Amino acid sequence: MLAQDGEPAAGGPLPRGFFAGSSLAVAPRLLGCVLEHETSEGLVAVALTEVEAYNGSGDPASHAYRGRTGRNAVMFGEPGHAYVYFTYGMHFCVNLVCRPERTASAVLLRAGRVTDGVPLATARRPAARNGNDLARGPARLCQALGIDRGLDGADVCDPGSPLRIRPVPGTGSGHPVPDVSRGPRVGISAAADRPWRFWLTGDPTVSPYRGHVPRARPKPVSLPAAGDGTIHR
DNA sequence: AACCGGATCGTCT
DNA sequence: GACGATCCGGTTG
């Protein structure tokens, strides 16, 4: 019997068909799935607990909103690949590309529980106070897994890829429907009202909600353009 | 628990 | 030249 499109093959990573839908449809189904990264240091696996949908060209908060660039090129390619970007001069975040046609949509992986390779993840994240903190936040998740820009474009549906994603453990096909919550996305200024963030209700590894905070301008206020040097007060 | 400043640099205007 | 799909450590409440 052939597995249906979108159904995981036994023992292997999620099939590419899993990512055929829109980011909004795929995002909640990724909860509970396991992202793993294997390096010479070892393997770290993370069960996803929090994700956000970014709906490509129709979404002002998406990196793809203003079209294809060198950085976001992977978003416009085949679904099932990782889009890894660098931000704030020091952090990486990872997305999984969904249907690319006309939308370049993707799902940002925001948090998860480390289920394998805890010692290695802890070594990579010395600031973590406890196990829940290891992958609590998109940049922390990448840090725990050892993900950087070198993995941009990695095929997570390929069993031979160092970065791959497996279905929810214990489920041969289909996905159990855990208690999923949804709400506004974190840290964005545009389209902040769209409830496109999904997480496992009450899970302690979910990152706290933070709204967008504009950075203070380093530029001081301009002085009065006085020409005669007279002091006014 | 909430808030603040600093770190730091690739990317796009 | 400005701005982040962030994190951390410290301070305040």
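As the structure is a prediction and not an experimental result, all values here were calculated from the model. Reminder, nothing fancy here: chain letters follow the sequence lines and each chain counts from 1.
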**Report entry** DNA chain B contacts made by residues 118-140 of chain A, counting heavy atoms under 4.0 Å
**Finding:** none

Report task. Mind calculating the distance between CH2 (A/W196) and C1' (C/dA5) to the nearest angstrom? Result -> 14 Å

Requested in this report: Tell me what A/R71 touches on the nucleic acid: a base, only sugar-phosphate, or nothing, going by heavy atoms under 4.0 Å.
Outcome: sugar-phosphate

Report task. Could you check whether A/L108 gets within reach of a base, just the sugar-phosphate, or nothing at all, counting any heavy atom under 4.0 Å? Result -> base

Query raised in the report: Under 4.0 angstrom, heavy atoms only, what part of the nucleic acid is A/H212 near: base, sugar-phosphate, or nothing?
Result: sugar-phosphate

Query raised in the report: Separation of A/Q143 atom CD from C/dT6 atom C1', in whole Å?
Result: 10 Å

Query raised in the report: Tell me: CE of A/M90 to P of C/dT6, nearest whole Å?
Result: 12 Å

**Report entry** Any side-chain heavy-atom pair of A/F18 and A/V26 under 4.5 Å
**Finding:** yes

Report task. Return each pair, listed once, that meets salt bridge (Lys or Arg N to Asp or Glu O under 4.0 Å) where at least one residue sits in residues 47-57 of chain A; pairs must be two or more places apart or across chains. Result -> A/E50-A/R110, A/E50-A/R197, A/E52-A/R110

Query - Chi angles and distances behind the side chain to side chain contact (heavy atoms under 4.5 Å, CB included) call for A/T103, A/S22 - result: CA-CA 8 Å; A/T103 65; A/S22 74; over 6 Å; no

Requested in this report: Identify whether any heavy atom of A/Y88 sits under 4.0 Å from a base atom; if not, whether one sits that close to sugar-phosphate; answer base, sugar-phosphate or nothing.
Outcome: base

Query raised in the report: Can you check the A/R185 CZ to C/dT6 P distance for me, whole Å?
Result: 12 Å

Report task. With the side chain counted from C-beta on, respond yes when A/R71 and A/F86 share a heavy-atom pair under 4.5 Å apart, and no when they do not. Result -> no

**Report entry** Paired and unpaired positions of DNA chain C as dot-bracket, Watson-Crick or G-U wobble under 3.5 Å, | denoting a partner strand
**Finding:** ||||.|||||||.

Requested in this report: Rounded to the nearest angstrom, tell me the gap between atom CZ in A/R68 and atom P in B/dT11.
Outcome: 15 Å

**Report entry** Evaluation steps, side chain to side chain contact (heavy atoms under 4.5 Å, CB included), between A/T49 and A/W199
**Finding:** CA-CA 5 Å; A/T49 58; A/W199 67 92; over 6 Å; no

Query raised in the report: Under 4.5 Å between any side-chain heavy atoms of A/H37 and A/R164, yes or no?
Result: no

Query raised in the report: Hey, are the side chains of A/I165 and A/F19 touching, using non-hydrogen atoms and a 4.5 Å cut-off?
Result: yes

Query raised in the report: Checking all strands, does A/R197 fall into the base, sugar-phosphate, or nothing category for heavy-atom contacts under 4.0 angstrom?
Result: nothing

Query raised in the report: Below 4.0 angstrom, N of the basic side chain to O of the carboxylate: do A/D59 and A/R185 qualify?
Result: yes

Report summary line: note: A/F86, atom CZ; B/dG10, atom P; distance rounded to Å ~ 6 Å

Query - Atom-pair distance (CZ on A/R66; C1' on B/dT11), nearest Å - result: 12 Å

Query raised in the report: Can you check the A/L141 CG to C/dA5 P distance for me, whole Å?
Result: 17 Å

Query raised in the report: Under a 4.5 Å cut-off applied to non-hydrogen side-chain atoms, are A/V114 and A/V44 in contact?
Result: yes

